[in-house]
Amino acid sequence: MKYEFTIFGFGISAKITSCLLARNGFSVCLISDKDQKQEISNTNLVTFLSRGSLNYLSSMFPKTKQFEEHPEIDSIHCELNSLRGNKPQSIKFNDGEKQNLGKIVKNTDLEKYLDQEIGQLRNINIIHGSYPSMVENKKDEIKLKLNNGEEIDTDLFIVSSTKNNLADLISIDFIKKDLKKSAISIDINGDIKNANCAFQKFTSDGPLALLPYSKNEASIVWSLKRDSKLLHKDNEELLQIITKHLSEQVSSIKMTSNEKHKLQFVYAKNLVYKNTVLLGNIAHNIHPIAGQGLNLSIKDIALFVNQIKKYKSLGYKLNDQMVLEEFEMKRKIDNTAYSFGTFLLDDIFSSNNNFVNYTARTGLGLVEKIKNLKQLFIRSATGEDFYKAL
Amino acid sequence: MDISSIDKTEIDKFKNLAKEWWKHDGKFKTLHKFNPIRLEYIINTIKDHYAIDKKNGLPLKGLSVLDIGCGGGLMCEPLARLGAEVTGIDALEKNCITAKIHAEENNLDINYINTTAENLNKNKKYDIILNLEVIEHVNNPKNFIKECSGLVSGNGIMFIATINKSIFSLIFAKFMAEYVLGFLPKGTHDWNKFLTPEDIYSFFIQNNFDVISDTGVNYNPLRDEWFMSKRMDANFIVSGKKN
């Protein structure tokens, strides 16, 4: 079969990309890397969707009412508490006239919504539970051979899955690092004092985030060193410790689920190789500390789709190398800054070195005091400027 | 242009030339960077003029285009891909063969002829004529435009793109582009032959055309990007409709 776009993966990025391309009239083949029975991921992970990402998604998917009831996050509060004897240094990010910075959305909700969208689009063909075992670059197209023997010709091949060592087949170099950290992801319900505030406390064990996605439900993500004893506490004990840390934010909370995830750092040196494009976590799997993972991917996808649409209307080929290079170049600075920035932030805030710790506190204090600097961070994190320029 | 009679070693030479023309970061890098902006203005003007609102498929189907001084076919191919029936002419035979080979490699049916506007058969008229970055190289622009005008069908449009005769263009389009930035080979342009937008308007009017619109095409060196603007003191494009 011949398609204009073939997308490998079945996560949020793969789904958004296939919906957007199919909506614009392109023929899309979506190869799911999951078994059909397990296609709805069973995870309690949540995502911070910045105002820019939310606005973009709702302009592309006008029917989306799904997230209307989620509380708007209008401030992000960070607290650094790791030096003994000192009073906590804190910083609050908000956007002037009490504007929405974004919303916390459960990944499964987002996926379910995208599944409905995909179901309505006729020009997406889904191949379930498969993967490419051979990728052949021809002059103007790519030939894929799937593990089930099926052959696919495609103008552009989009990789959005980290499975099956596909990286070996596509000649793109990655920087990978095991962060030697794990995150506990806990779902809670109970009394949340301010459901419009995302709270992050830099404890001596690692950053602990409280992310409310409804008036009485929130996700708690605690990034810990892999040898941390906290990873082995039972639920009750863990809840007690957390309640103590978040005593000013929550009360009488119950744990509804508890998962552990290894934190990996992945950064692709290129987004494009010939007619292959990387979109999603495979391009930059970053530390959750700034909640920017999916937002970065949505920016990549938005620019990619825009670029393809624009140049198609000017009579260019879908896989024109100049067009793909322009896409890659335009996303480079943002992706690099966030990838290595969050990596660094995590290192700084989890450091036990007094000097580093002191510097971090001073830095936070400075950001808190210098209004313009703070505004700069907010503008970048909400994605406002990016989507305006699109 | 018929390339079936050319011998194989010659064809290989032209294939390499085609590669050179179409390498977006090679010798013709500036032209490739510049191309999307020209195309955007030209396609939008065509769509407005012929009231085409089709976004997908072949929006330019049914329209005939003549590209004068087509070079390697950088304008011809995108327009053919959008459905137009394209003819490209060039005074250099090697450009025509090169362009033909590249079009065939891309399964595009484009008619390339090794000739000049003056010598082209005047019986066939075209809906759209592209006269891009050519007029500053001809000896008698007034006569040249008159010849080109005879090739445009009634209610058809002609685009003329060139470089303004201004101090700005002397410094940037001539001196900087050729001697400092190396965008163009030295000696590409003769500033004395540059024409002002007013010259172009008057050519249009003399040949019974109405000017539809114009745009400046400018370069931002910091972002390495070309963009359209009202500033017409260097590169600019004017479009006219034949009455």
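Side-chain atoms are counted along with the backbone in the values below, which use heavy atoms only and exclude waters and symmetry mates. So you know, we letter chains A, B, ... as the sequences are listed, proteins then strands, and number each from 1.
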Evaluate whether atom [atom1] of [X] has more than 12 neighbouring non-hydrogen atoms of other residues, nucleotides or ligands under 6.0 angstrom away.
X	atom1	result
B/Lys15	NZ	no
B/Lys61	NZ	no
B/Asp109	CG	no
B/Lys124	NZ	yes
B/Lys186	NZ	no
A/Lys145	NZ	no

Discussion item. Does any backbone or side-chain atom of A/Glu326 lie under 4.5 Å from a heavy atom of chain B? Answer side chain, backbone, both or neither.
Written reply: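 For A/Glu326, no heavy atom lies under 4.5 Å from chain B.
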Worksheet item: Under a 4.5 Å heavy-atom cut-off, does chain B meet the side chain of A/Asp320, its backbone, both or neither?
Response: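 Neither part, no heavy atoms under 4.5 Å.
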Item to complete: Check whether any side-chain heavy atom of B/Glu77 lies under 4.5 Å from a side-chain heavy atom of A/Lys317, and answer yes or no.
Response: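 When only atoms from C-beta onward are counted, A/Lys317 and B/Glu77 do not touch, as no gap falls below 4.5 Å.
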Fill in: Portion of B/Asn35 that has a non-hydrogen atom of chain A nearer than 4.5 angstrom
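Both backbone and side chain of B/Asn35 come within 4.5 Å of chain A.
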Item to complete: Could you tell me which portion of B/Leu39 (side chain, backbone, both or neither) has an atom closer than 4.5 angstrom to a non-hydrogen atom of chain A?
Response: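 Both parts, heavy atoms under 4.5 Å.
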Discussion item. Restricting to non-hydrogen atoms, name the atom on A/Met322 and the atom on B/His32 that form the minimum distance, rounded to 0.1 Å.
Written reply: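 That closest heavy-atom pairing would be SD-O, 3.5 Å.
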Item to complete: Looking only at non-hydrogen atoms, find the nearest pair between B/Pro36 and A/Leu314 and report the distance.
Response: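 Answer, listing the atom of B/Pro36 first, then A/Leu314: O-CD1, 3.6 Å.
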